[in-house]
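The first residue of the sequence shown is numbered 1, and numbering continues consecutively from there. Here the structure is a predicted model, which means the values were calculated and not measured. All ligand and atom numbering here is 1-based and tracks the order in the structure.
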Amino acid sequence: MTEKDLKTLLASMTLEEKVGQLVQCNAGLFIETGADITGPEGEALPAEDLCRAMGSVLTFENAAQARALQDMHLEKDPKKIPLLLMLDVIHGMATTYPIPLAMGCGFDDDLIAECADMARKEAAAAGVHVTFNPMVDTARDARWGRILETNSEEPLVNSRMGAALVRATQRDNLADPGNIACCVKHYAAYGAGEAGRDYNGVEVSERSLRETYLPAYKACVDAGARLVMPSFNALNGIPSVANKWLMNRVLRGEWGFEGVVISDYNAVGELVAHGVARDMKDAVRLAMEAGCDIDMVVNAYYTYLPDLVRDGTVPEKALDEAVMRVLRLKNELGLFENPYHGADSEAEKRLNLCPEHREIARHAAEETAVLLKNEGILPFPKNLKSVALIGPFAAETRLNGFWSRPGVEKDTVTLPRGLLNLLPDLELTVAKGCGADLGDRDESEITAAAEAARTADAVILCLGEPENDSGEGRSRADVTLPGPQLALARAVITANPNTAVLLFNGRPLVLTELAEIAPAMLEMWYPGTEAGNAAARLLFGDANPCGRLSAGLPRATGQYPMPYNRMNTGRPKPQPDSGVFPFTSSYLDVPNLPLYSFGYGLSYTTFAYEKLELSRAEISKKDELRVTVTVRNTGKRAGKETVQLYLRDLVASVVRPVQQLIDYRKVSLAPGEAKDVIFTVTEKQLRFWNFDCEEVSEPGEFELSAGYADHLLLTRRFTLTD
Ligand code: NOJ
């Protein structure tokens with residue numbers, strides 16, 4: 001359709017029909033999806049009416065459901081305006097790849113794109129038009145259970161990876177039934193909730209909002225994301241869905257976003273609980289004024305918007321603009337011509353879990369695992385006769401993580417399966433040892449597990465945090481290993497020191513005590529469908545770990561929030577970070593630095609940073625500075641190193657971070673091989689938000705360093721001239 005056709009369509013619509021385009025319902029109201037429908041949705045509203053009027057649905061599972069929903073609606077809608085079908089396709093569809101936080105540890109934008117491309121194909125075949133992805137909430141607090149949904153604590157990583165995901169998902173032409181639209185979320189600063197509690201308010205200055213939190217959403221908007229979802233939280237006192245500054249001024253004004261804004265689940269209705277709306281009707285007014293186009297799954301718009309337009313509280317023009325944005329998106333997706341888009345059960349069968357997709361998922365799981373510690377025991381030799389596989393995650397199928405699609409665990413390669421795929425003759429004993437639930441105190445099986453450990457050649461001890469303990473609404477006040485897992489670790493490692501710990505968790509955990517006793521620790525996160533195969537290959541050296549932490553791991557929960565790019569203080573703690581230094585910015589009971597810093601990760605080989613060279617000592621605002629980092633593989637195996645470039649602005653008009661990642665590149669190196677990794681630095685990367693909230697660079701001296709956070713190995717200075 002042309003823009004003119006869309007306007008003609010709009011002009012033909014009744015007020016109720018227009019409002020319908022802004023209403024989103026849960027698919028489970030109309031078909032059997034197995035989803036729990038919670039909240040006030042659909043209360044007192046006949047599903048029949050909703051089905052006719054609604055403009056979009058969310059949460060369905062496959063092509064058959066997609067087609068049924070579309071048919072059901074089109075049959076009832078006199079205007080025959082197709083539905084938009086939306087789903088949270090976060091880290092895969094049928095084939096699950098590692099959780100986003102793990103993907104961040106890959107430090108590889110192409111890897112994200114490859115995984116997103118795979119998810120796109122499976123999701124499009126399932127009939128998805130819009131995915132609620134990417135989530136780019138920069139998070140520095142692992143108490144917040146949704147930290148697993150973000151790639152990193154670092155805005156640059158979130159920006160680059162979010163944009164890569166958008167490009168790989170939408171590609172160039174949304175009308176192509178293989179492509180789907182992206183909804184970037186949760187705008188804004190949802191990850192900065194006070195005390196790490198989900199849905200909690202965020203108080204952050206405009207300066208740090210612009211510097212730390214907004215860039216990743218903007219990068220996704222710039223990459224073409226067609227939808228934006230405001231966050232649940234109040235930002236500096238105003239819930240995002242009603243935040244005119246955030247939406248009208250910044251998003252639509254400064255960034256020129258022309259796409260669709262969709263509220264988060266029931267967020268319009270929650271304006272009443274927030275205490276900024278008198279009642280639901282008032283909530284609708286506030287959301288419409290802030291330019292929220294679609295009301296996700298509550299009947300607020302459906303019930304109250306027509307009256308608000310009729311009595312002039314909401315101008316009809318505002319309604320029309322919102323509806324036009326929705327119609328344009330439908331048109332761009334080609335739905336008026338082909339309302340099913342890519343929904344195709346045959347394609348689903350062909351694509352879902354096909355060998356090529358499993359291969360991508362396995363590779364991603366291998367690339368994102370982080371080797372935290374290794375006292376020379378890994379990789380295990382393949383001639384081991386017997387292995388004891390111990391721990392609450394030893395035989396677990398739920399290794400996919402929050403937001404994996406329902407039922408995917410049945411296709412997950414478990415650890416026993418993965419180990420036997422690699423080494424069919426291995427004598428494998430499996431013992432759970434204990435549970436990992438919060439509050440689990442039962443230690444009765446630990447002795448038997450230790451006994452199994454004692455008699456095996458090697459032990460793989462699988463610890464972590466249950467799949468459902470991280471994710472939405474899953475904040476914790478204490479992010480240590482839950483249940484009696486430490487007691488299990490002590491008993492097992494004492495019984496057999498040839499023990500490697502595998503960790504399965506969705507958030508950074510406090511591993512301080514475990515790190516003291518474990519000879520080796522490999523952080524697997526939630527690796528997805530190919531968990532067992534990837535773990536086996538990593539443990540036995542068919543794959544060499546190369547993940548680097550995209551969020552530091554704390555020594556104690558009390559260190560949160562714990563950004564690696566912290567600001568300096570007037571009384572910095574002297575380095576090295578050991579001992580107590582009274583009257584400095586420090587703790588009496590733990591060091592300041594994380595247990596494992598941002599950017600850290602080991603390999604089965606070693607790397608040496610030989611040189612850091614700058615092409616010049618001074619640059620003007622127009623110049624480019626060429627930075628050459630020479631890195632060598634000094635070990636005996638091929639491996640990958642993520643070369644990280646950090647900046648420090650030595651003197652500025654406002655306090656600047658002690659280190660800030662400005663570029664990264666992952667390189668493969670054969671044994672003995674050296675490579676020059678060349679970065680280009682321009683004035684743009686030296687900018688920051690000054691006290692008056694202007695984005696500026698200031699002349700003066702800067703440092704560039706290579707290494708990882710808090711462990712910068714080589715440093716050079718240069719000057720930015722006027
Ligand atoms: C609530 C979550 O906050 C959001 O991330 C998700 O996309 C929606 N529900 C839809 O499931």
What do the steps show when you test Tyr190 against Trp144 for ring pair (Phe, Tyr, Trp, His ring centres under 6.0 Å), and what is the final call?
-> CA-CA 10 Å; Tyr190 184 30; Trp144 190 51; 5.0 Å; yes
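- Under a 4.0 angstrom heavy-atom cut-off, Trp403 registers as being in contact with ligand 1.
- For Asn158 and Tyr213, the side-chain atoms include no donor-acceptor pair closer than 3.5 Å.
- Within the listing of ligand 1, atoms 10 (C), 11 (O) sit less than 4.0 angstrom from a heavy atom of Leu58.
- The two residues Ala124 and Gly178 make their nearest non-hydrogen contact at CB-O, 3.5 Å.
- A donor and an acceptor atom, one from each side chain of Glu289 and Asn248, are nowhere located under 3.5 Å apart.
- Identified under the salt bridge (charged side-chain N to carboxylate O under 4.0 Å, His left out) test for residues 152-162, with sequence neighbours left out: Asp109-Arg160, Arg160-Asp663.
- Near Asp264, with a cut-off below 4.0 Å to any heavy atom, the atoms of ligand 1 are 1 (C), 2 (C), 3 (O), 4 (C), 6 (C), 8 (C), 9 (N).
- Per-residue contacts place Lys185 under 4.0 angstrom from the following atoms of ligand 1 (heavy atoms of the residue considered): 4 (C), 5 (O), 6 (C), 7 (O).
- Under the 4.0 angstrom criterion for non-hydrogen atoms, Arg146 is in contact with ligand 1.
- Side-chain contact check for Thr95 and Thr529: no donor-acceptor pair (N or O, by modelled atom type) lies under 3.5 Å.
- Counting heavy atoms closer than 4.0 Å to ligand 1, residue Met135 contributes nothing at all.
- Here the protein heavy atom with the shortest distance to atom 10 (C) of ligand 1 is Asp88 OD2, 3.2 Å.
- In summary, Asp137 and Arg146 do not engage in a salt bridge, as defined by a charged side-chain N under 4.0 Å from a carboxylate O.
- Of the polar atoms of Glu149, none of the N or O atoms is found under 3.5 Å from an N or O of ligand 1, judged by distance alone.
- Under a 4.0 Å criterion applied to the non-hydrogen atoms of His186, ligand 1 contributes the atoms 3 (O), 4 (C), 5 (O).
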